[in-house]
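Everything numeric in this text was worked out from a predicted model, so none of it was measured. By convention here, the first residue in the shown sequence is residue 1.
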Amino acid sequence: MLRKTILLGIFLIILVNLINAQTQKDLADQHYELALYAYNNDDCKNASVHVSRALDLYTRIVDILGKKKCNELIVEINSCLSLIGDSYYIQALDYYSQGDSYLSSGDYRGAKEQFETALSFVYDANGSYQCMIPVDPEKTGKIDIEYQNISEKIRECELMRADELYETAEGYFDVNDLINARKFTEDAHTLYTLYNDEEGINEAMKFLKRIDDKIASLTLYANDLYDRGVGAYKSANCTNNGYFDAINHFEEAKNLYNLLQKIERMGDCDDNIGQINERLKDCVYELRKQANEYYEDANTHRRLQEYQEAVEDANKAKNLFQLVYSLTGDRSDERRIDDCDHLLKEIYRRLGVLDELEFARECLDNATELFRIAEYEKADILADKAKEIFVKHEDYEWLTYAKRLKDQINGMFEVIIEAESHYNRSLSYYSVADYENATIYVGTARELYVTTGRTQEIAMCDSTLEDIHAGNETKNEANRYYEEAMIYLNSRDYELSYYNADRAKKLYEKINYVEGVKKAEELLEGVPERSIPMTHVIIVPLVIVTILIITFMWFREKISRGEKEEEDEKREEKEAEERKRARIEAERGRREKEKEGLERERKRLRTILKEEKKTIDTEKKVE
């Protein structure tokens, strides 16, 4: 019985292998059909993947016809992939040529953009060539050469960008904006180091030392001003200018600390100025008296037609009255401020033309300050107003200053417009999960915004870069799931392949990466054993049935053996009982025979005794 069970198991295993071979053929046929479908729909990459898998399966099961039709289809797919790759390669060459033209004209930004586009086409071409079966070394070789050429051109663009950052740093250095000068120099140094430009590295290092030396020098000067302010404050009283000298020193020191971005030291200056203003409250009488004297002197100069001196004294009086009013809040001091304004208007009225020109110069000064703090829109309005007045009065010297400021403002507007264009392009790329281009464009936008000093826009770019980084992490994670799905597909682990492809699809959908979603969906459709694999449908149940049959037969044999043993035991017991009964019957018969013999013997003896008695009686009678 056990031999029969083993033979049945061997038969089932052979049957399973035959079914598995048929399953592999079915799977190979499916991959071939998918390859043919993809090829007919111009999806040659996926066609290559499926035909490669079909060829592998046909080879395993030694299906000559299957291998032949796969090889014929591979020739057509390779031709398709070659044409696609060549098309991408030609486009890469076109963009490379355009980038070269931009670079020759000095437009490194436009050149870099063209070269990066060329590089993306090189990647596309390489992706197509790599799918050929087998890979053509001649085609991949020319891709390597073009990649090196483009990389070298991008290096040249980046070094030009580094030079521009260095020049920007020099501009900031010239206007004593040392913090920005240092930042731009460090950015240039980073690029020089990244591309191993020794000359640039050395120049940047030297300039950084100059900046640090000047920072140290300005720090010493700011500290000296601060100490002068402290000295003036200590010797100040209501009858001298000590408090005002101290405030001036602290204000100058604060401005320098602001340039050096020493926030704590700026706070120290503000604290001292606040203390001085508290002390000045005790000097209100003296300040008011001095303000009245300046007011009277201004009137005297007005009457003597000494208008410049009159304006100077009137402004001093106004400033003092404003200070007193800020300390006391007394309405009478506010009225005195109005008196000063009326006096100044009268003086300006008598100055006539000089009045309007002074106003224009003040507008220009304010516009210059607004330009410095990157308020270009407001600066542009004031510069236009000043320019109009200078044109009206043919003041060509100040008109030149106004035009120069306007040119600077317009230059900044052009940079801002360019930055906005790059930023918007970055958002477009970000929206379709093209994070490489999104990073490039937002980086360029940020650099341009940095040159304009627009801190809000710089922060906006930084925030976008963070979003791009997060999206790129998600995209990379999705790519990892997709690659694992392909690996599991090639190793015929279809459950894990489907799971990873589904995870990749969900992540691609999260970042709106349409191409990723499409290829994940195609992979999901290409997993042939997703629902219930054929081997699971046939082989696994057969194995289970085999095990159940063997187990059933073993139990049945065991039960049969037990029943037989029980029957044998009963038979032996019955035979023993019968033997025992026979022995008893035999013993009983023997005893019956012995009893009958004894009875016969007893009868014989009785007969003998009777005969002897008769003999004796006869003898007695005879006597």
Side-chain angles (χ1 to χ4, degrees), residues 162-193 200-234 236 242-277 365-376 378-379 405 408-409 412 415 446-462:
D163 292 340
E164 186 176 79
L165 290 170
Y166 186 85
E167 291 175 2
T168 303
E170 288 180 322
Y172 279 117
F173 183 83
D174 292 339
V175 295
N176 281 332
D177 190 345
L178 302 179
I179 302 303
N180 274 323
R182 196 176 209 294
K183 181 185 179 307
F184 278 91
T185 306
E186 287 174 342
D187 290 344
H189 179 267
T190 299
L191 286 174
Y192 288 137
T193 304
I201 293 170
N202 293 332
E203 289 297 321
M205 290 300 294
K206 290 178 184 177
F207 194 50
L208 282 172
K209 187 178 183 307
R210 282 184 63 195
I211 294 170
D212 288 339
D213 290 343
K214 191 165 185 179
I215 287 175
S217 175
L218 285 178
T219 300
L220 288 174
Y221 182 54
N223 291 339
D224 180 62
L225 286 170
Y226 183 85
D227 292 339
R228 290 185 195 177
V230 171
Y233 181 27
K234 289 179 179 179
Y243 289 131
F244 299 108
D245 291 340
I247 288 175
N248 289 334
H249 290 318
F250 286 131
E251 289 286 359
E252 288 184 49
K254 179 184 175 182
N255 290 334
L256 289 176
Y257 287 137
N258 185 38
L259 282 176
L260 301 170
Q261 293 189 5
K262 294 183 179 294
I263 307 302
E264 185 177 351
R265 297 297 286 164
M266 290 173 64
D268 293 338
C269 293
D270 286 333
D271 291 341
N272 281 295
I273 292 171
Q275 293 177 20
I276 292 172
N277 286 331
D365 288 341
N366 291 334
T368 303
E369 177 60 22
L370 289 168
F371 178 84
R372 189 186 69 80
I373 61 175
E375 294 284 351
Y376 304 120
K378 295 177 182 178
L405 180 59
Q408 291 175 327
I409 294 170
M412 286 300 177
V415 175
R446 188 185 187 284
E447 290 170 8
L448 293 171
Y449 281 131
V450 167
T451 62
T452 65
R454 304 282 275 212
T455 55
Q456 185 175 353
E457 284 82 355
I458 294 170
M460 176 180 68
C461 291
D462 289 337

Legend entry - Approximate separation, where rounding is to 0.5 Å, of Ile373 CD1 and Arg454 CZ: 11.0 Å

Inset, instruction - Would you mind checking if Arg372 and Glu369 are paired as a salt bridge, meaning a charged N to carboxylate O distance below 4.0 Å? - result: yes

Inset, instruction - State yes or no: are the ring centers of Phe207 and Phe173 separated by less than 6.0 Å? - result: yes

Inset, instruction - Could you check if a side-chain atom of Asn255 sits within less than 4.5 angstrom of a side-chain atom of Leu259, using non-hydrogen atoms only? - result: no

Inset, instruction - Answer yes when Asp212 and Arg182 have at least one side-chain N-carboxylate O distance shorter than 4.0 Å, and no when they do not. - result: yes

Legend entry - Heavy-atom pair with the smallest gap, counting every atom of Tyr226 and Cys269: CD1-SG, 3.8 Å

Inset, instruction - Determine whether Glu252 and Leu256 make a side-chain contact, defined as any pair of heavy atoms from C-beta on separated by less than 4.5 Å. - result: no

Inset, instruction - Could you tell me the separation between the CG atom of Asp163 and the CD atom of Glu203, rounded to the nearest 0.5 Å? - result: 10.0 Å

Legend entry - Those residues that, when tested against Lys214, pass side chain to side chain donor-acceptor pair (under 3.5 Å) (two or more places apart): Asn176

Legend entry - 4.5 Å side-chain heavy-atom contact, Ile179 and Lys183: no

Inset, instruction - Could you check if a side-chain atom of Ile273 sits within less than 4.5 angstrom of a side-chain atom of Tyr233, using non-hydrogen atoms only? - result: no

Inset, instruction - Answer yes when Arg265 and Asp268 have at least one side-chain N-carboxylate O distance shorter than 4.0 Å, and no when they do not. - result: yes

Inset, instruction - Side-chain contact test, heavy atoms from C-beta onward, threshold under 4.5 Å: evaluate it for Ile247 versus Asn277 and give yes or no. - result: yes

Inset, instruction - With rounding to the nearest 0.5 Å, note down the distance linking CD in Gln261 to CG in Leu178. - result: 10.5 Å

Legend entry - Straight-line distance of Glu186 CD to Leu208 CG, nearest 0.5 Å: 6.0 Å

Inset, instruction - Of all the heavy-atom pairs spanning Phe371 and Ala379, show the shortest one and how long it is. - result: N-CB, 3.8 Å

Inset, instruction - Could you tell me whether the side chain of Thr452 reaches within less than 4.5 Å of the side chain of Tyr376, counting heavy atoms only? - result: yes

Inset, instruction - Verify, without hydrogens or angle tests, whether Ser217 (side chain) and Asp213 (backbone) share a donor-acceptor contact under 3.5 angstrom. - result: no

Inset, instruction - Please report the closest heavy-atom contact between Gly229 and Ala246, naming both atoms and the distance. - result: O-CB, 3.4 Å

Inset, instruction - Give, for atom CG of Asn272 and atom CD of Glu251, the distance between the pair rounded to the nearest 0.5 Å. - result: 11.5 Å

Legend entry - All side chain to side chain donor-acceptor pair (under 3.5 Å) counterparts of Gln408, not counting sequence neighbours: none

Inset, instruction - Output the distance between atom CG (Leu220) and atom CG (Leu225), rounded to the nearest 0.5 Å. - result: 11.5 Å

Inset, instruction - Could you pull out the closest heavy-atom pair between His189 and Ala204, with the gap in Å? - result: CB-CB, 3.8 Å

Legend entry - Non-hydrogen atoms of Ala367 and Leu405 that approach each other most closely: CB-CD2, 3.6 Å

Inset, instruction - For side-chain contact (heavy atoms from CB on, under 4.5 Å), just list the numbers for Met205 and Tyr192, CA-CA rounded to whole Å, side-chain angles, deciding distance to a tenth of an Å, and then say yes or no. - result: CA-CA 11 Å; Met205 290 300 294; Tyr192 288 137; over 6 Å; no

Inset, instruction - Could you pull out the closest heavy-atom pair between Ile215 and Thr219, with the gap in Å? - result: O-OG1, 2.6 Å

Inset, instruction - Would you please classify the geometry between the Tyr172 ring and the Phe184 ring as parallel, tilted or perpendicular, with 30° and 60° separating the classes? - result: parallel

